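Shown next, in structure tokens, is the structure this report addresses.
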Amino acid sequence: MKISIGTQIKKGPWGGGNLFAINLSNFLTSKGHNVVNELDDEDIDLILITEPRKTSESSSFTHLDVSKYIQAVKKDCLVVHRINECDERKNTNYVNQYLIEANKVADSTVFVSSWLKNLYLSQGMDKNNKNVILSGANKEIFNTKNFKPWNGASKIKIVTHHWGSHWNKGFETYLKLDSLLGKKEYKDKLEFTYIGNLPKKIKLTNTKVVSPISGKDLANEIKKNNLYLTGSINEPSGNHHIEGAQCGLPLLYLESGGTIEYCEGYGVGFKEYDFEDKLKYIIKEYDTYALKMKDYPYDSIKMSENYENLFLEMFSSKEKIISERENSYPINLFDLYSYKLARKVKKINRKEKV
């Protein structure tokens, strides 16, 4: 099967969507599928829309590009839309409606959490063919090798990491912990490391700040610690706490968004008003939660298997899916001609470069 994943993959530290595309591409390729990231080829069997917003740096194509491809190039190409974003995450007011509109071109939809799925269904998205596949990180990188749980005697080392620097990533919580570390009660008992980008006006005076890193360097830095903290608000899924958990660190997490689905049972949840109490509790019960981490179930292989199973299931029912499909974005003859001509020119240019 030839599958196009709509992400412009970036090297080095980047967001969770980039890691998703890398992990899924590698898995599908290992299973014998042909994976591309554009719509240039004439024989694509399935398109996975990951970021339909043209303004996004990570976007390879939009839902309108996909619609044109289906109508002008290959009518029996299947379309899946993965949704991992929402207005609630960054206090915007345009993302949800845009993605609801973009979703009309999809034959099937995957949400990264049930929380996100329910959010979109409550705002008017069609209920048909909506799946939830939880995300996961690469276990070859994020694993318990060389991780040492807290011994109960030394300072307990707490860590978090984020590529994005939006306030909702959890900075209310991180500032709260930074403030606690300035108190006599805590400064000899706790350490806190923040890995990643900080908002310009935020200063963590009692916290070790590490510039963004990725891959094994990131995993090794996480493993220097004992407890993973996330204060992210309305996170659809998030990769950071998954990576921390796969490294063996028990989780102290804000009960918000889809984070709960990834953390529940593998740490302690807190609300805005009881962070300090829950911090004390997980320290007291650390050994109990540390033992549970070896069974943490969310990794990129399991995630990718679920995507492949969905793709194969759709492919086996392709005729039925195509027959029930509605044309949400019909193209007039002039636009159709222009699109085909542009593809021909692009193809000629590629050949000349070779």
Side-chain angles (χ1 to χ4, degrees), residues 142-163 165 167-213 216-233 238 240-256 259 263-294 296:
F142 298 97
N143 51 55
T144 58
K145 185 179 180 182
N146 297 324
F147 168 68
K148 295 180 180 179
W150 182 48
N151 60 18
S154 60
K155 281 186 179 182
I156 187 164
K157 297 179 180 179
I158 304 169
V159 67
T160 196
H161 72 288
H162 296 283
W163 167 252
S165 59
W167 174 260
N168 281 3
K169 281 294 181 181
F171 290 100
E172 181 177 347
T173 297
Y174 308 145
L175 284 169
K176 194 176 292 184
L177 178 56
D178 186 74
S179 177
L180 289 178
L181 291 174
K183 296 180 179 181
K184 187 176 180 180
E185 180 185 355
Y186 291 103
K187 67 179 181 179
D188 294 327
K189 296 180 180 179
L190 306 177
E191 288 182 13
F192 179 40
T193 298
Y194 180 90
I195 306 168
N197 293 305
L198 288 171
K200 291 180 180 179
K201 295 182 180 180
I202 293 291
K203 289 186 178 180
L204 298 172
T205 55
N206 301 303
T207 299
K208 177 185 175 184
V209 178
V210 178
S211 297
I213 49 178
K216 290 185 178 180
D217 289 337
L218 173 58
N220 290 335
E221 190 65 37
I222 291 172
K223 291 176 192 178
K224 293 176 183 177
N225 300 277
N226 317 117
L227 178 64
Y228 195 90
L229 170 66
T230 175
S232 194
I233 299 170
H240 59 295
H241 48 79
I242 299 171
E243 292 166 351
Q246 285 186 192
C247 287
L249 284 72
L251 303 167
L252 180 60
Y253 61 96
L254 179 67
E255 294 176 342
S256 175
T259 301
C263 299
E264 197 167 28
Y266 299 94
V268 175
F270 64 90
K271 297 179 172 61
E272 290 84 352
Y273 56 82
D274 65 355
F275 169 71
E276 189 174 353
D277 290 339
K278 293 302 178 67
L279 172 61
K280 290 178 179 178
Y281 178 78
I282 197 169
I283 292 172
K284 181 182 175 184
E285 299 295 329
Y286 181 87
D287 290 344
T288 299
Y289 288 104
L291 286 172
K292 292 183 177 182
M293 301 316 296
K294 63 182 174 57
Y296 189 75

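What you see is a predicted model, and the numbers here were worked out from it, not measured in a lab.
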### Sub-4.5 Å side-chain heavy-atom contact between Leu249 and Val159
yes

Is there any side chain to side chain donor-acceptor pair (under 3.5 Å) pair reaching into [range], and which pairs are they, with sequence neighbours excluded?
| range | value |
| --- | --- |
| residues 272-282 | Tyr186-Glu276, Asp274-Lys278 |
| residues 143-156 | Asn143-Lys223, Asn151-Ser154 |
| residues 188-199 | none |

Identify, with sequence neighbours excluded, every residue that meets ring pair (Phe, Tyr, Trp, His ring centres under 6.0 Å) alongside [X].
| X | answer |
| --- | --- |
| Phe275 | Phe270 |
| His162 | Tyr174, His240 |
| Tyr228 | His161 |

### Summary
Those residues at least two apart in sequence (or on a different chain) that pass side chain to side chain contact (heavy atoms under 4.5 Å, CB included) with Asp178 are Leu204, Thr205, Asn206, Thr207

#### Entry: Counterpart residues, side chain to side chain contact (heavy atoms under 4.5 Å, CB included), relative to Asp287 (two or more places apart)
none

Those residues that, when tested against [X], pass side-chain hydrogen bond (donor to acceptor under 3.5 Å, both in side chains) (two or more places apart):
| X | result |
| --- | --- |
| Thr173 | none |
| Thr288 | none |
| Lys157 | none |
| Lys176 | none |

### Backbone N/O of Phe142 and side chain of Glu243: donor-acceptor pair under 3.5 Å
no

